[in-house]
A.B. asks: 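My questions will all concern the structure given below.
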Amino acid sequence: MTHGLWTAVDGYIVDRLVSPDPALDAALEASAAAGLPAIHVTPNQGKLLNLLARIHGARRILEIGTLGGYSTIWLARALPAGGRLITLEADPHHAAVARANLDRAGVADRVELRLGLAADSLAELVASRAEPFDFTFIDADKENTATYFDFAVRLSRSGGLIIVDNVVRGGKVLDPATADASAAGIRRFLASIAADQRVTATAIQTVGSKGYDGFVLALVARAS
Ligand code: SAH
Ligand code: DHB
Ligand code: MG
């Protein structure tokens, strides 16, 4: 089984189940034109995030790692009237591209992009006693995933859902001696979540046009 096949099947699925969307397509085109890396979630993954947020009835969403706002648009569209999304991004160029993409998609009224290191923005949200979040998507620098996850739990309501992208990294996560700083960061995160009594979690492996990777799904609740 090959990456070519995974990509073809992703195309087959997206053709059938994910309606073409001019604002999402334009966001990817503008991101590519501005030189942003093409590391956004795939269309079918974006729709998965959208469905999970809707299934969960999320009214307040936190995102860590905006890039050009592609996943942000998918998540913002899951919000009911009056819902809010806060997205955190450290790179001013990414943030500028994202703001234009969010505007074009018609979700800028629901989305607040906070520019700065995510750890600083998260500490600020804790300090200001931000209203708890229902749903968090963690997708920034993998080295700091454990830190972001701890903040996300503290900022979640009881019963909040936290999704973490890129937890398999082509299987690199298996190697305790990996030289890949991202995979090492995910290993530290998985070790900490295993011992975290505040949450109950699982992980699923995925294949597709972005290769072989996976998501963690964590519920802020004790194991049943
Ligand atoms: N969620 C996006 C992809 C995010 S890519 C999507 O699927 O469409 C990861 C993003 O995290 C990049 O834009 C990168 O600039 C940002 N990032 C990296 N380190 C960060 C940090 N310390 N704080 C905030 N953002 C960071
Ligand atoms: C990378 C980051 C991501 O968030 C992703 O989904 C895929 C790749 C990266 O930094 O290489
Ligand atoms: Mg990712």
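Heavy atoms only: backbone and side chains are in, while hydrogens, waters and symmetry mates are out. Every number for a ligand or one of its atoms is a count from 1 in the order of the listing.
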A.B. asks: Would you say the side chain of R77 lies within less than 4.5 Å of the side chain of D21, judging by non-hydrogen atoms?
C.D. replies: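 Sidechains of R77 and D21: in contact.
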A.B. asks: At a 4.0 Å threshold, what atoms of ligand 1 neighbour a non-hydrogen atom of T66?
C.D. replies: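 Those qualifying, in numeric order: 2 (C).
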A.B. asks: Among all the protein's non-hydrogen atoms, which is closest to atom 22 (N) of ligand 1, and how far away is it?
C.D. replies: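 Minimum-distance protein heavy atom for atom 22 (N) of ligand 1 reads Y148 OH, 3.2 Å.
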A.B. asks: Applying side-chain contact (heavy atoms from CB on, under 4.5 Å) to H40 and Q45, what does each step give before you reach the verdict?
C.D. replies: CA-CA 9 Å; H40 49 83; Q45 291 174 343; over 6 Å; no
A.B. asks: Tell me the protein heavy atom at minimum distance from atom 5 (S) of ligand 1, and give that distance in Å.
C.D. replies: I39 CD1, 3.6 Å
A.B. asks: Strictly under 4.0 Å, does any heavy atom of G116 approach an atom of ligand 1?
C.D. replies: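 Yes, G116 has heavy atoms under 4.0 Å from ligand 1.
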A.B. asks: What I want to know is whether N144 and ligand 1 share at least one N or O pair that is separated by under 3.5 angstrom.
C.D. replies: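 No, N144 has no N/O under 3.5 Å of an N/O on ligand 1.
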A.B. asks: Do any N/O atoms on G65 end up under 3.5 angstrom from N/O atoms on ligand 1?
C.D. replies: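 Among all N and O atoms of G65, at least one is under 3.5 Å from an N or O of ligand 1.
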A.B. asks: Is there any N or O on A140 that sits under 3.5 Å from an N or O of ligand 2?
C.D. replies: no
A.B. asks: Mind reading off the angle at the Mg ion (ligand 3) between the OD2 atom of D165 and the OD1 atom of N166, rounded to 10°?
C.D. replies: 90°
A.B. asks: Could you check atom 19 (N) of ligand 1 against the protein and tell me its nearest heavy-atom contact, residue, atom and distance included?
C.D. replies: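 Sorting protein heavy atoms by distance from atom 19 (N) of ligand 1 puts D141 OD1, 3.2 Å first.
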A.B. asks: With a 4.0 Å cut-off on heavy atoms, is Q45 in contact with ligand 2?
C.D. replies: no
A.B. asks: With only distance considered, is A118 within less than 3.5 Å of ligand 1 through an N or O on each side?
C.D. replies: yes
A.B. asks: Looking at every heavy atom in both V220 and V199, which two are closest together, and how far apart are they?
C.D. replies: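 The answer is CA-CG1, 4.1 Å.
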A.B. asks: How far is atom 6 (O) of ligand 2 from the closest protein heavy atom, and which atom is that?
C.D. replies: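 It is K210 NZ, 2.5 Å.
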A.B. asks: Short list, please: which atoms of ligand 2 are under 4.0 Å from a heavy atom of R169?
C.D. replies: 1 (C), 9 (C), 11 (O)
A.B. asks: Tell me which protein heavy atom sits closest to atom 3 (C) of ligand 1, plus the residue, atom name and distance to 0.1 Å.
C.D. replies: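 Looking only at protein heavy atoms, the one closest to atom 3 (C) of ligand 1 is D139 OD2, 3.2 Å.
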A.B. asks: Please report which non-hydrogen protein atom sits nearest to atom 14 (C) of ligand 1, along with the residue it belongs to and the distance in Å to one decimal place.
C.D. replies: E89 OE2, 3.4 Å
A.B. asks: Numbering the atoms of ligand 2 from 1, which are under 4.0 Å from a heavy atom of K142?
C.D. replies: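 Here the atoms of ligand 2 in question are 2 (C), 3 (C), 4 (O).
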A.B. asks: For ligand 1, which part of W74 has a heavy atom less than 4.0 Å away: the side chain, the backbone, both, or neither?
C.D. replies: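 It is neither; nothing of W74 touches ligand 1.
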A.B. asks: From the N, O or S atoms in D139, identify the one nearest to the Mg ion (ligand 3).
C.D. replies: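 Sorting the N, O and S atoms of D139 by distance to the Mg ion (ligand 3) puts OD1 first.
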A.B. asks: With only distance considered, is H40 within less than 3.5 Å of ligand 1 through an N or O on each side?
C.D. replies: no
A.B. asks: Where do I64 and F151 land on the side-chain contact (heavy atoms from CB on, under 4.5 Å) test, with the steps shown first?
C.D. replies: CA-CA 11 Å; I64 305 169; F151 274 117; over 6 Å; no
A.B. asks: Looking only at heavy atoms, which two atoms of L67 and P37 are closest? And how far apart?
C.D. replies: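 Of all heavy-atom pairs spanning L67 and P37, the closest is CD2-O, 3.5 Å.
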A.B. asks: Heavy atom of H40 under 4.0 Å from ligand 2?
C.D. replies: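 Not so, H40 does not reach ligand 2.
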A.B. asks: Quick check: does V41 get an N/O under 3.5 Å from an N/O on ligand 1?
C.D. replies: yes
A.B. asks: So is A90 polar-close to ligand 1, meaning N/O to N/O under 3.5 Å?
C.D. replies: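 In this structure, A90 places an N or O atom under 3.5 Å from an N or O of ligand 1.
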A.B. asks: Which is it for R169 and D213 under the side-chain contact (heavy atoms from CB on, under 4.5 Å) test, yes or no, and what are the steps along the way?
C.D. replies: CA-CA 5 Å; R169 309 296 300 200; D213 217 320; 4.0 Å; yes
A.B. asks: Compare all side-chain heavy atoms of V173 with those of V167 and state whether any distance is below 4.5 angstrom.
C.D. replies: no
A.B. asks: Is the number of heavy atoms from other residues, nucleotides or ligands under 6.0 Å of R16 CZ greater than 12?
C.D. replies: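 Atom CZ in R16 is packed in, count exceeds 12.
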A.B. asks: Could you see which bit of N166 sits under 4.0 Å from ligand 2, with heavy atoms only: side chain, backbone, both or neither?
C.D. replies: side chain
A.B. asks: Which residue and atom name correspond to the protein heavy atom nearest atom 8 (C) of ligand 2, and how close is it?
C.D. replies: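 It is I39 CG2, 3.6 Å.
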A.B. asks: Which atom names give the shortest non-hydrogen contact between F215 and L48, and what distance separates them?
C.D. replies: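 Distance-wise, the nearest heavy atoms are CE1-CD2, 4.4 Å.
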A.B. asks: May I ask you to check whether D213 brings an N, O or S atom to under 2.8 Å from the Mg ion (ligand 3)?
C.D. replies: no
A.B. asks: If you have a sec, work out which protein heavy atom is nearest atom 2 (C) of ligand 1 and how many Å separate them, to one decimal?
C.D. replies: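 Looking at atom 2 (C) of ligand 1, the protein heavy atom closest to it is S71 OG, 3.3 Å.
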A.B. asks: N44 and T42: side-chain donor and acceptor closer than 3.5 Å?
C.D. replies: yes
A.B. asks: To check you understand the geometry: which heavy-atom pair defines the closest contact between D10 and S209, and what is its length?
C.D. replies: OD2-N, 2.7 Å
A.B. asks: Just to be sure I read this right, does ligand 2 sit under 4.0 Å from the backbone of D213, its side chain, both, or neither, counting only heavy atoms?
C.D. replies: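 Neither; no heavy atom under 4.0 Å.
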A.B. asks: Decide side-chain contact (heavy atoms from CB on, under 4.5 Å) for T145 and R188; before the verdict, give the C-alpha distance in whole Å, the side-chain angles of both, and the deciding distance to 0.1 Å.
C.D. replies: CA-CA 8 Å; T145 299; R188 286 193 301 277; over 6 Å; no
A.B. asks: Just which atoms of ligand 2 are under 4.0 Å from any heavy atom in D165?
C.D. replies: 6 (O)
A.B. asks: So T136 and L155, do their side chains get closer than 4.5 Å, heavy atoms only?
C.D. replies: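 SC-SC contact between L155 and T136 ruled out.
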A.B. asks: Determine the sole option in R84, R157, R54 for which the salt bridge (Lys or Arg N to Asp or Glu O under 4.0 Å) test with D134 is passed.
C.D. replies: R157
A.B. asks: Find the distance between OH (Y148) and CG (D141) and round it off to the nearest 0.5 Å.
C.D. replies: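 It comes to 3.5 Å.
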